[in-house]
There are 2 protein chains.
Amino acid sequence: MSPTHTRVTTPPADLDPCGREEHPDCGIRDVLDRIGDKWSVLVIVELARGPRRFRELQRAVDGISQRMLTLTVRRLERDGLVLRTVYPTVPAQVDYRLTDTGAGITHLVKALADWSLAHRAAIAEARHAYDLAHPGHDIR
Amino acid sequence: MSPTHTRVTTPPADLDPCGREEHPDCGIRDVLDRIGDKWSVLVIVELARGPRRFRELQRAVDGISQRMLTLTVRRLERDGLVLRTVYPTVPAQVDYRLTDTGAGITHLVKALADWSLAHRAAIAEARHAYDLAHPGHDIR
DNA sequence: CCGAATCCCAAATGATACTG
DNA sequence: CAGTATCATTTGGGATTCGG
């Protein structure tokens, strides 16, 4: 039959913009603002393999500009995920390593990567089908 | 001694842009491009609580514009994470729900949220300390 | 080697008005 | 209600140059 229930949800979404009850909306924004950018995760992944110097990181991440690497590691340092150590040699030498907190995030990253690999094919297929069904409809 | 190798980077970055060896870099980019934007995760979280109509979603997510909600759900639909159903009533009625694939991603999101909540305080503190130690140094 | 400073472009998002 | 169309703005990020 047809849906007879008129009111559907319409909860008081005004109060408490964060997560009332138990759903985790708000916390999520926090993480995503931190690792959702273009490079942070890749840097974390590389650092998860061991301490790295600046140039090593730049070579490993492949494609990152000097400016973005600087910004990325600085933000990670600011959030306490990465420890930055400067050796007053000449020329300068700086190494980066994950803090304990930063190391903990690698588990999440791993889970993300696993899920992605597991569903990559399905997603690609869905996209292909969508694009066939909606020619000229550009939403990218 | 000094580094005798003159050439610095400029490697054949064209070949194998993805991850050689076994590290999962590439897959990660895939997921992040999908859920790393400003709204996708919030929409997914809301849909995880049950099917929603367009307006319901907009009210629930709180802050999202009509335009961005449209774009977000369209992309999720394209990737096969969300199923969009149009009822040819008047006025129009459309509902959105997670596909099985989309539902599976909620576990990741949950893990992300949990981690975030668990470390939120530590991160806030780290930021505060950093900002105190680096006054006027804006890296946001 | 490790950055900071500057300039500039492209993409993401927001605001607003209009429509079936 | 559920969008589409435009325009304005903000943001992310690349290229280049300079300095310790």
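Throughout, protein chains are lettered first and strands after them, A, B, ... in sequence-line order, and every chain is numbered starting at 1.
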| Counting only N and O atoms by type, is there a donor-acceptor contact under 3.5 Å from the side chain of A/Arg97 to the main-chain atoms of A/Arg84? | no

| Taking the side chain of A/Ala92 as heavy atoms from C-beta outward, which of D/dG3, C/dC1, C/dG14 is closest to it? | C/dC1

| query | Looking at C/dT13, D/dC1, C/dA4, which one has an atom nearest to any side-chain atom of B/His137? | reply | C/dA4

| message | Using a strict threshold of under 4.0 Å (side-chain N to carboxylate O), is an ion pair present between B/Asp33 and B/Arg29? | response | yes

| Spacing of B/Ile64 atom CD1 relative to D/dG3 atom C1', expressed in whole Å | 14 Å

| field | Presence of B/Lys38 side-chain N/O under 4.0 Å of C/dG14 phosphate oxygens OP1/OP2 | value | yes

| query | B/Thr70 or A/Asp37: which one's nearest nucleotide on DNA chain D is closer to the 5' end? | reply | B/Thr70

| Rounded to the nearest Å, what distance is computed from the CZ atom of residue B/Phe54 to the P atom of nucleotide D/dG3? | 6 Å

| remark: Whole-Å distance, B/Leu57 CG to D/dC1 P, equals 13 Å

| query | With a 4.0 Å cut-off on heavy atoms, is A/Tyr96 in touch with a base, just the backbone sugar-phosphate, or nothing at all? | reply | sugar-phosphate

| query | From the list C/dG3, C/dT13, C/dT6, which nucleotide is the closest neighbour of the side chain of A/Arg67? | reply | C/dT6

| query | So, does B/His128 use its side chain to make a donor-acceptor pair with the main chain of B/Ala124 at under 3.5 Å? | reply | no

| query | Could you state the CG-C1' distance from B/Leu32 to D/dG12, rounded to the nearest angstrom? | reply | 15 Å

| message | So that I can tick it off, tell me whether B/Arg78 and A/Asp131 are bridged by a salt bridge, with the cut-off set at under 4.0 angstrom between side-chain N and carboxylate O. | response | yes

| field | Given D/dG3, D/dG13, C/dT13, the nucleotide with the shortest approach to the side chain of B/Gln66 | value | D/dG3

| message | If I take atom CG in residue A/Leu69 and atom P in nucleotide C/dC2, what distance separates them, rounded to the nearest angstrom? | response | 10 Å

| request: Would you kindly give the CH2-to-P distance between B/Trp39 and C/dG14, to the nearest whole Å? | output: 5 Å

| request: Calculate the interatomic distance between A/Arg74 atom CZ and C/dA5 atom P; express it in whole Å. | output: 11 Å

| CZ of A/Arg75 versus P of C/dG3: gap in Å, rounded? | 15 Å

| task | Ignoring backbone atoms, establish whether B/Arg55 has a side-chain N or O less than 4.0 Å from OP1 or OP2 of D/dG3. | result | no

| With no hydrogens and no angle check, is any side-chain donor or acceptor of A/Thr99 less than 3.5 Å from a backbone partner on A/Gly80? | yes

| said: Counting the atoms with a prime plus P, OP1 and OP2 as sugar-phosphate, which does A/Arg84 contact under 4.0 Å by heavy atoms, base, sugar-phosphate, or nothing? | reply: sugar-phosphate

| remark: Result for 5'-nearest mapping on DNA chain C, choosing between A/Pro91 and B/Met68, is A/Pro91

| message | By the 4.0 Å heavy-atom rule, please label A/Arg53 as base, sugar-phosphate, or nothing. | response | sugar-phosphate

